[in-house]
Amino acid sequence: MGSGTPWELFYTKLRRAGPYRTSDVRHAPPAVPSRPIPQPLRMQLTDQEKTRRENLTKLRELGIEPFPAALFPVSHLATDILSGVETDAEGNVTNFKEVTLAGRIMSQRIMGKAAFANLQDSSGRIQLYVSRDDIAPGEDKTMYNTVFKKLLDLGDFIGVKGFVFKTKTGETSVHVKELTFLGKSLRPLPTPKRDDEGHVYDEFKDPELRHRMRYVDLTVNPKIKETFRKRSRLITAMRQFLDDLDLMEVETPVLQPIHGGAAARPFKTHHNTLDVPMYLRIANELYLKRLIIGGFDGVYEFAKIFRNEGMDRTHNPEFTMVEFYVAYKDYNWMMDTTEQLLEHAVKAVNGDASTVVRIGENDVDFGGPYRRLSMADAIREYTGENIDGADEDELRAIAGRLHVPVDKTMGRGKLIDEIFGETVEAKLIQPTFITDYPVEMSPLTKKHRSKEGLVERFELIVNGKELANAYSELNDPIDQRERFEEQLELGKRGDEEAMALDEDFLRALEYGMPPTAGIGIGIDRLVMLLTGQKSIQEVLFFPQMKPEK
RNA sequence: GAGCCCCUAGCUCAGCUGGCUAGAGCACCUCACUUUUAAUGAGGGGGUCCAGGGUUCGAGCCCCUGGGGGCUCACCA
């Protein structure tokens with residue numbers, strides 16, 4: 001490239017101003033002395049990137065600011081027009097005489113003195129019709145010949161003002177009278193196309209690229225927005241339901257000195273001023289119970305939880321749970337409430353009165369009441385084996401007969417859990433409450449009011465997977481201390497997931513806690529169910545990724 | 001963690017048994033075209049074939065090592 005071209009001048013200016021003003025540079029991690037300084041600047045631009053930068057410069061030379069500061073007064077969304085257009089007997093559009101829209105240019109079909117383009121806004125796409133003599137009415141045709149045809153690139157944000165009409169082929173379109181640049185795109189977007197039969201060509205589908213560059217994914221695959229809209233509607237509906245129950249939304253610490261309330265490996269960090277180790281929470285349960293102890297009758301929190309464990313299509317290191325705790329209730333009440341909550345939420349997500357969700361081959365109905373089955377009854381029903389009162393040796397024999405793999409370290413509780421998980425869980429497609437778990441697996445749960453060796457706990461299983469976990473909360477501080485001590489023993493034997501003893505929580509319990517029902521519902525898993533997504537990465541905007549090379 | 005598969009242009013992909021200057025469609029550039037719609041027609045540019053070693057007269061292709069990714073299975077929600 002010769003010097004002195006607009007591009008070259010622009011490029012030189014940029015270099016003089018300091019490197020390429022992207023936030024990459026400012027927020028780059030400080031260089032580690034022992035390693036080479038990472039080179040964040042991609043000085044090698046592709047032809048298409050160079051062209052776009054040249055176009056940017058040329059726009060400025062023509063007095064057109066590609067990144068204007070002023071607000072742009074949008075009057076309509078694309079879908080408002082597509083769904084609201086009215087025509088008379090001759091097929092002429094009778095409304096939308098003046099509309100102003102803004103969005104990205106996603107395609108251009110130029111035919112000499114006229115052109116069609118597609119504008120994509122947050123609601124969808126609408127076709128634009130641009131004719132030379134309309135946007136360049138005088139002698140000077142620069143606005144059309146140069147600005148529209150040459151300097152406008154796919155992906156640019158523009159605003160248009162015009163009127164609505166239908167083309168010969170009947171497509172509702174905006175006849176553009178005025179075009180405003182709102183934000184130039186300097187990189188070419190992937191260009192998926194769809195034909196009349198709905199076949200998509202050149203789809204942008206590499207999961208890694210889609211997740212790393214979710215902004216591109218959302219732009220070129222706008223359908224995926226629907227998953228995230230459903231996620232948002234779900235959370236809104238759940239919040240509304242919990243508010244209507246007179247529960248209070250609260251926030252509790254993410255940074256915790258002791259990672260309690262669940263069995264999982266934590267992320268460890270360090271607080272400099274206090275000079276103490278800290279953990280990102282693996283649960284918020286113990287804090288919510290402290291609030292019940294403090295006198296709130298009902299609290300809930302939509303909580304980001306962090307667990308330092310494997311990553312796969314159902315596990316992300318950070319995920320979202322809603323937990324709520326209600327005083328003077330028990331797990332039976334919580335089952336009733338959970339049915340109502342999910343029924344309400346699923347209707348909101350579906351957008352109608354339907355409580356049915358199609359999941360794979362099955363229609364799953366979230367309308368209550370759900371089947372309630374004790375763990376022992378479930379195992380009896382699905383395997384014919386009776387685990388009631390079985391000791392450890394008998395359980396091993398049962399596991400053997402059912403071909404459930406077990407190992408020597410497993411105690412009674414773990415054996416029952418394995419038998420259930422291997423033989424029953426996957427078969428429970430419709431929402432089912434499995435109740436009354438072995439005490440060994442549930443250190444925070446109240447002992448069963450009538451069944452020896454069990455606790456008042458339920459899990460909600462849907463489509464063969466756990467969706468929620470709830471208890472009558474253990475409020476006897478002496479029992480709680482014993483349970484923690486059993487966990488400490490497990491920890492000493494090498495169980496990395498054993499729960500830590502939280503002395504302050506025990507102190508709180510000793511001041512007295514009302515009987516309380518509590519539950520945690522995995523939001524990401526629920527969204528996966530309700531949107532038919534098979535991987536958690538598809539229901540998180542920004543799933544955790546390995547660092548980009 | 002185990003097994004299988006993949007990495008070639010901005011995107012989606014071909015590339016035979018190792019053999020001339022590595023290809024296609026879309027995107028991009030130039031030209032034509034005033035109701036197109038995967039617009040069309042003509043012409044053009046664009047590549048660290050993931051990286052590094054090896055075998056070979058010759059490697060996108062074979063071998064080794066490393067990196068990245070996907071899928072399936074097992075465990076944590």
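Proteins get letters first, then strands, A, B, ... in listed order; numbering begins at 1 in each.
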Undergrad: Applying a 4.0 Å non-hydrogen cut-off, can you work out what A:L467 is touching in the nucleic acid: base, sugar-phosphate, or nothing?
TA: nothing
Undergrad: Mind calculating the distance between CD (A:Q108) and P (B:U35) to the nearest angstrom?
TA: 17 Å
Undergrad: Side-chain N or O of A:K149 versus OP1/OP2 of B:C31: is the shortest distance under 4.0 Å?
TA: no
Undergrad: CG of A:D47 versus C1' of B:C28: gap in Å, rounded?
TA: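 Atom-to-atom, A:D47 to B:C28, this comes out as 8 Å.
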Undergrad: Expressed as a whole number of angstroms, how long is the span from A:E54:CD to B:U30:C1'?
TA: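 Whole-Å distance recorded here is 14 Å.
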Undergrad: For B:U65 versus B:G58, give the span between their P atoms, rounded off to a whole number of Å.
TA: 23 Å
Undergrad: Taking only side-chain nitrogens and oxygens of A:K193, does any of them come within less than 4.0 Å of OP1 or OP2 of B:A39?
TA: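 Yes, A:K193 has a side-chain N/O under 4.0 Å of OP1/OP2 on B:A39.
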Undergrad: Can you check the distance between B:C49 and B:G68, where both ends of the measurement are the C1' atom (answer in whole Å)?
TA: 16 Å
Undergrad: Over all strands shown, is A:E318 touching base, sugar-phosphate only, or nothing at heavy-atom distances under 4.0 angstrom?
TA: nothing
Undergrad: Rounded to whole angstroms, how far apart are OH on A:Y215 and C1' on B:G10?
TA: 14 Å
Undergrad: For B:G58, what is the paired nucleotide under Watson-Crick or G-U wobble rules, both distances under 3.5 Å?
TA: none
Undergrad: Let me know, please, whether A:E171 or A:L154 comes out on the 5' side of the other along RNA chain B by nearest nucleotide.
TA: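 So the residue in question is A:L154.
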Undergrad: With nearest nucleotide decided by heavy atoms, which residue, A:Y201 or A:L209, maps closer to the 5′ end of RNA chain B?
TA: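 Residue closer to the 5' terminus by nearest nucleotide: A:L209.
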Undergrad: What distance, rounded to whole Å, do you find between the two C1' atoms, one in B:C61 and one in B:C6?
TA: 15 Å
Undergrad: In whole Å, what separates the C1' atom of B:C26 from that of B:U40?
TA: 15 Å
Undergrad: Could you check how far CZ of A:F148 sits from C1' of B:U34, rounded to whole Å?
TA: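 A:F148 atom CZ is separated from B:U34 atom C1' by 12 Å.
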Undergrad: Mind checking if A:D312 touches a base, just sugar-phosphate, or nothing, with heavy atoms under 4.0 Å?
TA: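 It contacts base atoms.
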Undergrad: Quickly work out the A:Q544 CD to B:G68 P distance and round it to whole Å.
TA: 15 Å
Undergrad: Is it the case that A:D524 and A:N316 place a side-chain donor and acceptor less than 3.5 Å from each other?
TA: no
Undergrad: What does B:C33 pair with, Watson-Crick or G-U, if both distances are under 3.5 Å?
TA: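 Pairing partner: none.
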Undergrad: Remember a base hit wins even if backbone is also touched, and classify A:R313 as base, sugar-phosphate or nothing at under 4.0 Å, heavy atoms.
TA: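 A:R313: backbone/sugar contact only, no base atoms under 4.0 Å.
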Undergrad: Nearest to the side chain of A:P207, which nucleotide is it out of B:G70, B:C13, B:C26?
TA: B:G70
Undergrad: With a 3.5 Å limit on both atom pairs, tell me what B:G46 is paired to, counting Watson-Crick and G-U wobble, or say none.
TA: none
Undergrad: Establish, from distance only, whether the side-chain atoms of A:S131 and A:D133 form a donor-acceptor pair under 3.5 Å.
TA: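 Side chains of A:S131 and A:D133: no pair found under 3.5 Å.
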Undergrad: Consider only side-chain N and O atoms of A:D312 and A:T314, and report whether a donor and an acceptor are under 3.5 Å apart.
TA: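 Side-chain D/A pair, A:D312 to A:T314: present.
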Undergrad: Between A:E538 and A:H211, do the side chains contain an N or O donor and an N or O acceptor separated by less than 3.5 Å?
TA: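 There is such a pair (donor and acceptor under 3.5 Å, judged by atom type) between the side chains of A:E538 and A:H211.
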Undergrad: Among B:C75, B:U36, B:G68, which is the nearest nucleotide to the side chain of A:S173?
TA: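 Nucleotide nearest to A:S173's side chain: B:U36.
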Undergrad: Do any side-chain nitrogens or oxygens of A:K465 fall under 4.0 Å of OP1 or OP2 in B:C75?
TA: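 The answer is no; no side-chain N or O of A:K465 sits under 4.0 Å from OP1 or OP2.
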Undergrad: Counting side-chain heavy atoms from C-beta on, which of B:C11, B:C29, B:C33 comes nearest to A:D202?
TA: B:C11
Undergrad: Rounded to whole angstrom units, what separation is found between the CZ atom of A:F204 and the P atom of B:A9?
TA: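 That distance rounds to 14 Å.
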Undergrad: Counting only Watson-Crick or G-U wobble pairs whose two distances fall under 3.5 Å, which nucleotide matches B:G52?
TA: B:C64
Undergrad: For B:U35, does either OP1 or OP2 sit under 4.0 Å from a side-chain N or O belonging to A:K113?
TA: no
Undergrad: Compare side-chain N and O positions of A:R194 against OP1 and OP2 of B:C26 and report whether any pair is under 4.0 Å apart.
TA: no
Undergrad: Is there a side-chain polar atom (N or O) of A:R109 under 4.0 Å from OP1 or OP2 of B:A39?
TA: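 Yes, such a contact exists.
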Undergrad: Check this for me, if you would: do A:R212 and A:E208 make a salt bridge, where the nitrogen-to-carboxylate-oxygen distance has to be below 4.0 angstrom?
TA: yes
Undergrad: If you look at every strand shown and take non-hydrogen atoms under 4.0 Å, does A:D134 touch a base, only sugar-phosphate, or nothing?
TA: nothing
Undergrad: What nucleotide among B:C33, B:U34, B:G69 has an atom nearest to a side-chain atom of A:E208?
TA: B:G69
Undergrad: Does the B:G69 base have a donor-acceptor partner in the side chain of A:D206 within less than 3.5 Å?
TA: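 Checked by distance alone, the answer is no.
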Undergrad: Say we look at B:A39 and B:G47: how far apart would their P atoms be, to the nearest angstrom?
TA: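 B:A39 and B:G47 have their P atoms separated by 27 Å.
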Undergrad: Heavy atoms under 4.0 Å, any strand shown: does A:Q48 hit a base, just sugar-phosphate, or nothing?
TA: base
Undergrad: Answer with yes or no whether the side chains of A:N469 and A:R457 bring together a donor and an acceptor at under 3.5 Å.
TA: yes
Undergrad: Partner of B:A24 by Watson-Crick or G-U wobble geometry, both contacts under 3.5 Å, or none?
TA: B:U12
Undergrad: Regarding B:U36, can its base be found pairing with the side chain of A:T167 as donor and acceptor, where the two atoms are less than 3.5 Å apart?
TA: yes
Undergrad: Suppose we define a pair by two distances each less than 3.5 Å, Watson-Crick or G-U wobble; what does B:A2 pair with here?
TA: B:U72
Undergrad: Roughly, in whole Å, what's the span from CD1 in A:I110 to P in B:U30?
TA: 10 Å
Undergrad: Would A:Y129 and A:Q127 count as having a side-chain donor-acceptor pair, cut-off 3.5 Å?
TA: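 There is no such pair (donor and acceptor under 3.5 Å, judged by atom type) between the side chains of A:Y129 and A:Q127.
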Undergrad: Determine the interatomic distance between P on B:A22 and the same-named atom on B:G46; round to the nearest Å.
TA: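 B:A22 and B:G46 have their P atoms separated by 12 Å.
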Undergrad: What distance, rounded to whole Å, do you find between the two P atoms, one in B:C13 and one in B:C7?
TA: 10 Å
Undergrad: Can you name the closest pair of heavy atoms from A:I282 and A:G260 and give their distance?
TA: CG1-O, 3.9 Å
Undergrad: Counting any heavy atom closer than 4.0 Å, what does A:D133 reach on the DNA or RNA strands: base, sugar-phosphate only, or nothing?
TA: base
Undergrad: Rounded to whole angstrom, note down the C1' distance from B:C62 over to B:C16.
TA: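 Result for the C1' pair: 15 Å, nearest Å.
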Undergrad: Provide the closest heavy-atom pair for A:R104 versus A:L189 in the form atom of the first, atom of the second, distance.
TA: CD-CD1, 4.3 Å
Undergrad: Return yes if the base of B:U36 and the side-chain atoms of A:Y129 contain a donor-acceptor N/O pair under 3.5 Å, otherwise no.
TA: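 By the distance-only test, no, there is no pair.
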